[in-house]
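Here's the structure we're looking at; comments come further down.
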Amino acid sequence: MAFALSAETEKELQAILARYPNKMAACIPVLHLCQDTNENYVNDDVIQFVAEKLELSAAHVKGVVTFYTLFNQRKPGKHQVWVCRTLSCAMRGADKILHHCEKRLGIHVGQTTPDGKITLRTAECLASCGTAPMMQVNKDYFENLTVEDVDRVLDRLLLDA
Amino acid sequence: MLKPTTYLTHSYDKPEGFRIAPYEAQGGYQSARKALGMAREAVIEEAKKAHVRGRGGAGFDCGTKWSFMPKESAKPHYLVINADEGEPGTFKDRTIMERNPHSLIEGCLIGCYAIGAHACYIYVRDELHLSKARLWGAIEEARTKGYLGKTPFGKAYPIEIYVHTGAGAYICGEETSLLNSLEGRRGEPRLKPPFPAQYGAFGCPSTVNNVETIAIMPTVFQMGGDAFSQLSALHSFNDGGSRLFGVSGHVKRPGVYEACVGLTLRELIYDLGGGITSDRKLLAVIPGGSSCPVMRPEETVNLPNDARFGEFNGQSILDLPLGVDTFRGIGSMLGTCCAIVLSDAADPTLAIHNLMRFYRHESCGQCTPCREGCGWIERILDKVVAGKATLEELNQIHEIASDITGNTICAFGDGAAQPALSFVRKFRKELEDYVVSGGSSQTRTLVA
Ligand SMILES: Cc1cc2nc3c(=O)[nH]c(=O)nc-3n(C[C@H](O)[C@H](O)[C@H](O)COP(=O)(O)O)c2cc1C
Ligand code: SF4
Ligand code: FES
């Protein structure tokens with residue numbers, strides 16, 4: 001089925017377009033907007049939609065989607081968890097946090113829990129090195145993490161139906 | 001010399017410190033009002049006197065950069081703020097956007113006026129959702145007050161500020177890559193020249209500045225450029241004012257601290273950072289984000305022929321004031337001024353292994369030496385850590401990194417080569433131990 005936006009989200013799209021001198025510049029913000037309303041991923045229908053809206057070739061939009069790590073080309077879990085693994089976090093126990101997540105969720109990095117609830121990933125430095133170790137859950141940061149903190153956060157996600 | 005300041009951080013601990021009312025109570029928006037009442041040339045001159053060296057890593061003088069913008073042109077001009085903060089170890093810009101966003105918005109007004117721009121884009125990396133929300137909130141508050149829009153402060157000089165978002169790519173912090181990304185393209189760096197001041201965003205004259213560089217401008221115009229510059233112990237190096245210093249890794253109190261330029265690494269690590277975790281010894285420090293060469297505390301300043309370094313010659317690098325030219329002088333870099341500290345309980349081989357994995361992952365792949373070189377170095381280090389590398393391969397790291405240096409489109413290549421070269425030179429013995437012992441020398445981890 002062809003992708004479309006709700007009337008309200010369509011208004012947001014128009015507001016984004018108004019910020020730039022041309023339509024192409026809206027490419028990344030509009031892709032985010034669509035991804036947020038499409039179960040967190042960008043498929044060929046979304047690419048086609050964005051290409052038509054912004055008067056770009058589908059190839060251009062696809063090129064953008066594949067360049068950036070935060071556009072999902074496959075449907076991820078309902079919640080996305082990223083554990084930062086870069087140096088400052090690694091020096092303060094990111095490995096332990098990551099392994100704890102794997103054990104707790106019963107999956108490896110890059111995988112989604114069988115019930116489709118949580119996708120676990122690693123991230124590179126998230127500008128939170130002074131409060132390491134840290135992880136991002138959907139749009140929120142959790143900093144100065146202990147394994148107990150991780151349990152509390154994951155429990156809440158797992159309870160969420 | 002440790003001289004703490006609170007020009008940017010005064011709002012950090014207040015629960016509503018990100019709102020316009022407390023900001024204005026501290027004199028906020030008076031500087032933009034003042035600057036917009038001055039001639040454009042005079043604004044640039046005042047900024048030059050402040051000697052604000054770019055806080056994004058390259059340390060270029062901000063006022064001078066502004067002066068490169070054409071005086072008259074048929075095309076619109078743009079101010080683009082680099083809020084892509086992604087250099088490993090760097091976490092200062094985020095604190096400004098979350099906890100003092102109005103300083104950036106006010107700085108953008110001053111910057112736009114100085115370079116003849118009517119529009120400013122703040123390019124924020126996507127992950128910083130709270131930063132984006134706080135900036136949009138600040139923009140709305142400023143607009144309600146009449147500080148933004150068609151007639152800011154009643155002056156017929158329209159200014160609009162927009163928050164733009166990235167989508168996850170460290171390379172987009174490089175300014176030409178950032179411009180491509182802003183235009184809705186893949187974030188691949190462009191060849192320079194042309195420079196952004198001639199051909200920047202949307203093919204128009206543009207200035208790209210770091211968040212902190214712009215956020216400090218209201219302070220500059222409040223104090224006067226010269227008085228601001230004089231705050232610094234490195235005023236004579238044309239490195240003025242105060243700035244944010246970060247410290248992370250194996251210290252007791254990691255965090256962001258604000259102080260006058262002139263602070264030393266020893267003060268940052270021991271006085272502000274509280275000293276090394278578990279009172280261990282300092283093994284090494286990467287002074288300003290991961291792309292800067294690593295330094296060991298045994299190193300001393302050895303520049304007898306440079307008069308500016310007179311009193312520092314022979315002293316430990318820990319006692320050299322952190323400045324753009326002082327650290328360039330000793331063969332490292334100040335970068336973003338956010339230090340990563342390694343205790344002697346930790347394994348430096350694992351540190352460089354972690355960093356080279358980062359660079360391999362983040363190379364945009366346009367240049368063969370960078371794309372292939374980062375991969376080769378990572379693979380050799382994989383073998384080192386597994387105890388399967390040869391001494392010959394250790395030497396190859398040096399060769400590969402040297403071949404990247406200077407042979408790429410953007411400075412990412414050098415930024416990846418510097419840590420590799422410096423770790424291999426300064427931790428040769430530790431790396432060789434892995435090779436000779438087949439990995440059985442590995443008893444330490446990265447955590448201390
Ligand atoms: C690989 C790479 C990544 C960079 N990342 C950032 C960044 O995240 N933030 C930033 O302000 N500057 C970054 N820079 C520096 C910018 O290219 C540019 O010099 C800076 O934004 C200019 O602003 P300033 O003069 O105010 O410092 C990066 C440079 C390179 C080569
Ligand atoms: S140096 Fe590396 S990151 Fe920069 S353009 Fe070349 S391949 Fe891309
Ligand atoms: S290294 Fe993890 S946030 Fe910077």
Side-chain angles (χ1 to χ4, degrees), chain A residues 15-16 18-33 35 42 50 54 56 60-72 82 84-96 122-134 136 138-141 143-144, chain B residues 76 85-95 119 121 125-130 160 162 164-170 172 181-188 201-202 204 246-250 254-256 286 290 338 340-343 346 350-351 354-355 357-358 361-362 364 445-448:
Chain A
I16 291 172
R19 294 172 200 158
Y20 303 99
N22 66 34
K23 289 190 171 173
M24 191 202 279
C27 192
I28 291 174
V30 168
L31 279 167
H32 277 301
L33 187 73
Q35 175 164 275
V42 174
V50 173
L54 304 185
L56 299 168
H60 177 96
V61 179
K62 181 129 193 156
V64 170
V65 169
T66 52
F67 185 84
Y68 299 95
T69 56
L70 292 173
F71 293 126
N72 295 315
W82 290 270
C84 173
R85 62 169 170 177
T86 315
L87 188 56
S88 298
C89 282
M91 288 166 66
R92 293 182 83 92
D95 259 11
K96 195 165 138 197
T122 52
E124 301 298 349
C125 185
L126 290 171
S128 190
C129 329
T131 44
M134 65 81 65
Q136 183 186 347
N138 301 325
K139 296 190 171 179
D140 296 317
Y141 275 22
E143 302 166 53
N144 288 314
Chain B
E85 188 160 69
E87 171 84 358
T90 306
F91 51 101
K92 62 182 184 70
D93 297 337
R94 183 184 150 219
T95 64
Y121 294 99
R125 65 182 291 184
D126 183 52
E127 295 92 330
L128 300 181
H129 295 285
L130 182 58
E160 289 296 341
Y162 306 103
H164 183 84
T165 180
Y170 164 69
C172 288
S181 185
L182 172 64
E183 291 177 7
R185 304 172 198 275
R186 293 163 70 85
E188 282 156 351
F202 311 110
C204 300
V247 58
S248 71
H250 301 144
V256 170
I286 306 175
S290 65
C338 286
I340 306 174
V341 174
L342 242 86
S343 128
L350 298 179
N354 181 292
L355 286 180
R357 192 214 66 239
F358 169 84
H361 186 259
E362 298 296 332
C364 88
T445 67
L446 255 183
V447 184

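Letters A, B, ... mirror the listed sequences (proteins, then strands); counts begin at 1.
Top candidate by heavy-atom pairs under 4.5 Å with chain A, chosen from B:E183, B:E188, B:H361, B:E85, is B:E183. Each of A:H32, A:K23, A:Q136 has some count of heavy-atom pairs under 4.5 Å with chain B, and the biggest count is that of A:H32. Each of B:G249, B:G86, B:S248, B:G187 has some count of heavy-atom pairs under 4.5 Å with chain A, and the biggest count is that of B:G187. Taking chain B as the reference chain and counting heavy-atom pairs below 4.5 Å, the highest number among A:A25, A:C27, A:C84 is found for A:A25. Comparing A:A90, A:S128, A:P21 by heavy-atom pairs within less than 4.5 Å of chain B, the highest count is held by A:P21. If you tally non-hydrogen atom pairs under 4.5 Å between each of B:V256, B:D93, B:L128 and chain A, the highest count goes to B:L128. Each of B:T90, B:D126, B:T165 has some count of heavy-atom pairs under 4.5 Å with chain A, and the biggest count is that of B:D126. Contacts with chain A were tallied for B:P254, B:C204, B:A167; B:A167 has the most, counting heavy-atom pairs under 4.5 Å. Considering only heavy-atom pairs separated by less than 4.5 Å from chain A, the leading option among B:A346, B:G255, B:A351, B:S343 is B:A351.
Partners of B:Y170 according to the ring-ring contact (aromatic ring centres under 6.0 Å, His included) rule, which considers only residues two or more places apart in sequence or in another chain, are B:F358, B:F412. Scored by the salt bridge (Lys or Arg N to Asp or Glu O under 4.0 Å) test, B:R125 finds B:E127 as partners (sequence neighbours excluded).
Contact check for A:C129 versus B:I340: no side-chain heavy atoms found under the 4.5 Å cut-off. Using a 4.5 Å heavy-atom threshold, the side chains of B:V447 and A:K96 count as separate.
Proximity to chain A (any heavy atom under 4.5 Å) is shown, for B:T445, by neither the backbone nor the side chain. B:R186 touches chain A through backbone and side chain together, each having a heavy atom under 4.5 Å away. Of the two parts of B:L342, the backbone and the side chain both hold a non-hydrogen atom closer than 4.5 Å to a non-hydrogen atom of chain A. Residue contact with chain A, scored on non-hydrogen atoms closer than 4.5 Å, involves the side chain of B:C172 exclusively. Proximity to chain B is absent for every atom of A:A132, based on heavy atoms less than 4.5 angstrom apart. At a 4.5 Å heavy-atom cutoff, the contact between A:E124 and chain B is made by backbone and side-chain atoms alike. Looking at A:N22, only its side chain comes within 4.5 Å of chain B, counting heavy atoms on both sides.
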Quick one, A:Y141 with B:L130, criterion side-chain contact (heavy atoms from CB on, under 4.5 Å). Give me CA distance, side-chain angles, the key distance, then yes/no. CA-CA 9 Å; A:Y141 275 22; B:L130 182 58; over 6 Å; no

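A pairwise comparison of heavy atoms in B:L355 and B:S290 identifies CD2-CB, 3.5 Å as the closest pair. Between A:A123 and A:T86, the closest heavy-atom pair is O-OG1, 4.0 Å. In terms of heavy-atom proximity, A:F71 sits nearest to A:V42 at CD2-CG2, 4.3 Å.
Of the residues A:V65, A:T66, A:V64, A:L70, the one that meets the side-chain contact (heavy atoms from CB on, under 4.5 Å) test with A:Y68 is A:V64.
To the nearest 0.5 angstrom, A:T69 atom OG1 is 7.0 Å from B:E362 atom CD.
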